[in-house]
S.K.: 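There's a structure below that I have some questions on.
The structure displayed is predicted, hence computed values, not measured ones.
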Amino acid sequence: MNAAERDEICKLTATETVARVRAGELSPVQVTDAVLNRIEAVDPQLHAFCTLVPDHARAQARRVADDLAAGRDPGPLAGIPLGVKDLISTKGIRTTSGSPAYRDFVPDEDDIVVERAVAGGAVLLGKTNASEFGFGPVGQNPLFPTTRNPWNTDLTPGGSSAGSAAAVAAGLGPVALGSDGGGSIRIPAALCGLFGFKASMGRVPVYPGCRDDRYPGVSGWESIEHIGPLTRTVADAALVLSVLAGPDPRDRHSIPCGDVDWTGRRPIPELRVAYSPDLGRIAVDPEVCGIVDAAVAVLERDLGAKVEQPDLRLPPYEETFGAVIAADTDLTGLRALAERHGDTMSPRLLDFLRTPWTAEQLTEANIMRKRVVNRLARLMADYDLIVTPTVSTAAFPVGFHGPEVIDGRMVDGDHWTAFTPLANLAGLPAASVPAGLTADGRPVGLHLIGRHLADARLLDACAAYEEAAPWSHLEPPLVAG
């Protein structure tokens, strides 16, 4: 197979890959080799992967090929190369969570999503880079080189699922799994021009991540964490979710999914959309706002959506979100780890651990969360979707956690991510879809939040928007070149 043929394979979507593998036009081994070859050539510029397992991947690809040759169905994901975020456990494969405290940690079990993906025919390529324990919306940690954006390698891909987003955007596999405790799938999807989907709380079970009490740091974020796909198309995400979703007794939050046909798309009746470019208080870059306005016009013009701009001022949840995380965290265990490894851990994480959290702060955060959930429930009685920018700015230089000034306003480092935690606090399904590019070629995302458990309707809306304003033909210079 020559270089052009390998590059063509790397540009296939997941659904195209499965179709061609099942038709016998491509072997899973050919697909895996093509992607591994591209990783070898491209990833030194990106640092999307922190642990690569090529022998393991080729062995899995051969098993899929053997199943097909024997007339056995290898599963819906037959032959799809898959990157897995380094916060998601993989049995027998190093899982560091981006932390020196887990530098050599090798889990004794797979996360449920990895179990299901591999049983469904996916081929595990390795682990993708992330911020330490997910504490940070960019792709830097103390262990590995900082992940960079394929659209411009001087810029961040966002995070914390940084490596997963960079990998998919650069053609290093059509799908990667990310985790999302406050936007960590949707933020890098927006900055890398991808589709990122976070299902309703409990649709995709999580274990041992967030729940294994043996491992401080790894066991945090339980009440707000989700796992989901980053892909180039809505159909690819739906295919992956059809395999990952469904209850598991190891996750007490998991729920049945019989009400969701993940891969079947349906015409959507008139959508009622509540649109806010700023939630009444969030600073947004004017160019981002203009691109998002144009994307909302597509919803109205081409999808027939009824778009309104109600007063979406919500309680200031950003101020207490850190306390929600603290309440989910093994502070005692993580502080003990910091005593041993603190000189090498992220300053951002150490600042969090050094905060003298009080009972009042934790309970006030819980009350604030209830206010947000109740306000959203009342609002969603009148609307199918809440639509905003995914983040306030397009990608910015690596080495920073966020801009200090947006639209002339001084802001703190996380201000640019203030839209995404809403869906985590309320457990609502949410997605980021590519809305367009800035004048200098940086992707911008449109954020859509669906009603409680209305995952299928949200996917239908995203698919309809994708049909009206397709994006998969847009490629980073690293890919197009």
S.K.: In chain order, what residues pass the side-chain contact (heavy atoms from CB on, under 4.5 Å) check against Glu404, with sequence neighbours excluded?
M.R.: none
S.K.: I'd like to check Leu458 versus Leu448 (side-chain heavy atoms, cut-off strictly below 4.5 Å). Are they in contact?
M.R.: yes
S.K.: Sequence neighbours excluded, which residues qualify as salt bridge (Lys or Arg N to Asp or Glu O under 4.0 Å) partners of Asp259?
M.R.: Arg203
S.K.: Verify the distance criterion only: is there a donor paired with an acceptor across the side chains of Asn424 and Arg186 at less than 3.5 Å?
M.R.: yes
S.K.: Can you name the residues that form a salt bridge (Lys or Arg N to Asp or Glu O under 4.0 Å) with Asp328, not counting sequence neighbours?
M.R.: none
S.K.: Could you go through the side-chain contact (heavy atoms from CB on, under 4.5 Å) check for Val433 and Glu466 one step at a time?
M.R.: CA-CA 8 Å; Val433 299; Glu466 179 184 29; over 6 Å; no
S.K.: Under the salt bridge (charged side-chain N to carboxylate O under 4.0 Å, His left out) rule, what pairs show up with a residue in residues 427-450, not counting sequence neighbours?
M.R.: Asp440-Arg442
S.K.: Tell me yes or no: between the side chains of Thr90 and Thr95, is some donor less than 3.5 Å from an acceptor?
M.R.: yes
S.K.: Mind checking what makes ring-ring contact (aromatic ring centres under 6.0 Å, His included) contact with Tyr465, not counting sequence neighbours?
M.R.: none
S.K.: Go through it in stages, so that I can follow the logic: the residues are Leu349 and Phe133, the test is side-chain contact (heavy atoms from CB on, under 4.5 Å), and I'd like the CA-CA distance, side-chain angles, deciding distance and then a yes or no.
M.R.: CA-CA 8 Å; Leu349 174 60; Phe133 296 123; 3.6 Å; yes
S.K.: Do you know which two heavy atoms are closest between Ile187 and Gly182, and how far apart they sit?
M.R.: CD1-O, 4.4 Å
S.K.: Do the side chains of Leu279 and Phe419 get nearer than 4.5 Å, heavy atoms only?
M.R.: yes
S.K.: Do Trp416 and Phe400 have ring centres separated by under 6.0 Å?
M.R.: no
S.K.: Any donor-acceptor pair under 3.5 Å linking the side-chain atoms of Arg369 with those of Ser223?
M.R.: yes
S.K.: Report yes if the side chains of Ile386 and Tyr275 come closer than 4.5 Å at any heavy-atom pair, otherwise no.
M.R.: no
S.K.: Let's go through Arg272 and Asp382 carefully: what are the C-alpha distance in whole Å and the side-chain angles of both, what is the deciding distance for salt bridge (charged side-chain N to carboxylate O under 4.0 Å, His left out) to 0.1 Å, and is it a yes or a no?
M.R.: CA-CA 7 Å; Arg272 296 167 298 168; Asp382 297 321; 5.6 Å; no
S.K.: Does Thr153 have any side-chain contact (heavy atoms from CB on, under 4.5 Å) partners at least two apart in sequence or in another chain, and if so, which?
M.R.: Leu46, Arg148
S.K.: Is any side-chain N of the basic residue among Glu318 and Arg281 closer than 4.0 Å to the acidic one's carboxylate O?
M.R.: yes
S.K.: Could you pull out the closest heavy-atom pair between Ala418 and Tyr317, with the gap in Å?
M.R.: O-OH, 2.7 Å
S.K.: Measure across Thr156 and Val398 and return the closest heavy-atom pair with its distance rounded to 0.1 Å.
M.R.: N-CG1, 3.6 Å
S.K.: Report yes if some heavy atom in the side chain of Val273 is under 4.5 Å from a heavy atom in the side chain of Asp384; otherwise report no.
M.R.: no
S.K.: Filter on salt bridge (charged side-chain N to carboxylate O under 4.0 Å, His left out), then keep only pairs touching residues 423-434, sequence neighbours left out; what's left?
M.R.: none
S.K.: May I ask you to decide if the ring planes of Tyr215 and Phe105 are parallel, tilted or perpendicular, using 30° and 60° as cut-offs?
M.R.: tilted
S.K.: In sequence, state the C-alpha distance, the side-chain angles, and the governing distance for Arg38 and Asp43, and then conclude on salt bridge (charged side-chain N to carboxylate O under 4.0 Å, His left out).
M.R.: CA-CA 8 Å; Arg38 182 163 178 79; Asp43 201 41; over 6 Å; no
S.K.: Output all residues satisfying side-chain contact (heavy atoms from CB on, under 4.5 Å) with Asp407, sequence neighbours left out; order by chain, then residue number.
M.R.: Pro286
S.K.: Counting only N and O atoms by type, is there a donor-acceptor contact under 3.5 Å from the side chain of Lys198 to the main-chain atoms of Leu428?
M.R.: yes
S.K.: Measure across Lys11 and Glu16 and return the closest heavy-atom pair with its distance rounded to 0.1 Å.
M.R.: O-OE1, 4.5 Å
S.K.: Can you tell me if His341 uses its side chain to pair, donor with acceptor, with the backbone of Glu339 under 3.5 Å?
M.R.: no
S.K.: I'd like to know if the side chain of Ser392 and the backbone of Ala283 have a donor-acceptor N/O pair within less than 3.5 Å.
M.R.: yes
S.K.: Thinking salt bridges, do Arg371 and Glu364 make one under a 4.0 Å N-O criterion?
M.R.: yes
S.K.: Indicate whether the side chain of Glu132 and that of Ser346 have a donor and an acceptor atom separated by less than 3.5 Å.
M.R.: yes
S.K.: Examine Arg335 relative to Phe352 and say whether NZ or CZ is less than 6.0 Å from the centre of the six-membered ring and inside a 45° cone about the ring axis.
M.R.: no
S.K.: Would you mind reporting whether Val387 and Val296 have side-chain heavy atoms less than 4.5 Å apart?
M.R.: yes
S.K.: Between Asn149 and Leu191 (side chain of the first, backbone of the second, donor and acceptor by atom type, cut-off under 3.5 Å), is there such a pair?
M.R.: yes
S.K.: If only atom types and distance count, is the side chain of Arg232 paired as donor or acceptor with the main-chain N or O of Leu12 below 3.5 Å?
M.R.: yes
S.K.: Kindly state each residue pair satisfying salt bridge (charged side-chain N to carboxylate O under 4.0 Å, His left out) with at least one member in residues 282-306, sequence neighbours excluded.
M.R.: Lys306-Glu308
S.K.: Please round to the nearest 0.5 Å and tell me the distance separating atom CH2 of Trp471 and atom OG1 of Thr233.
M.R.: 8.0 Å
S.K.: Within a strict 4.5 Å, meaning less than it, do heavy atoms of the Pro216 and Tyr102 side chains meet?
M.R.: yes
S.K.: Restricting to non-hydrogen atoms, name the atom on His447 and the atom on Thr390 that form the minimum distance, rounded to 0.1 Å.
M.R.: N-OG1, 3.3 Å
S.K.: Could you tell me whether the side chains of Asp212 and Ser219 share a donor-acceptor contact shorter than 3.5 Å?
M.R.: no
S.K.: Pick from Val240, Thr13, Val84: which one makes a side-chain contact (heavy atoms from CB on, under 4.5 Å) with Val175?
M.R.: Val240
S.K.: If you look at every heavy atom in Gly209 and Asp111, which pair is closest and at what distance?
M.R.: N-OD2, 3.5 Å
S.K.: Suppose the criterion is salt bridge (charged side-chain N to carboxylate O under 4.0 Å, His left out): which pairs have a residue in residues 163-176, not counting sequence neighbours?
M.R.: none
S.K.: Side chains of Ile255 and Leu453: does their closest heavy-atom pair fall under 4.5 Å?
M.R.: yes
S.K.: Evaluate the side-chain contact (heavy atoms from CB on, under 4.5 Å) criterion for residues Arg94 and Lys127: first the C-alpha distance (whole Å), next the side-chain angles of each, then the deciding distance (0.1 Å), finally the verdict.
M.R.: CA-CA 8 Å; Arg94 183 177 65 157; Lys127 310 305 292 289; over 6 Å; no
S.K.: Listed by chain and number, what are the side-chain contact (heavy atoms from CB on, under 4.5 Å) partners of Arg348, not counting sequence neighbours?
M.R.: Pro137, His401, Asp414
S.K.: Can you find a side-chain donor-acceptor pair between Asn141 and Ser131 that sits under 3.5 Å?
M.R.: no
S.K.: Passes salt bridge (charged side-chain N to carboxylate O under 4.0 Å, His left out), Glu467 versus Arg265? Steps please.
M.R.: CA-CA 12 Å; Glu467 185 176 357; Arg265 297 278 64 83; over 6 Å; no
S.K.: Name the atoms and distances for all side-chain donor-acceptor pairs under 3.5 Å in residues 157-174, with sequence neighbours left out.
M.R.:
residue, atom, partner, partner atom, Å
Ser160, OG, Lys85, NZ, 2.7
Ser160, OG, Ser184, OG, 2.9
Ser161, OG, Lys85, NZ, 3.0
Ser161, OG, Ser179, N, 3.3
Ser161, OG, Ser179, O, 3.1
Ser161, OG, Ser184, O, 2.8
Ser164, OG, Thr128, OG1, 2.7
Ser164, OG, Leu177, O, 2.8

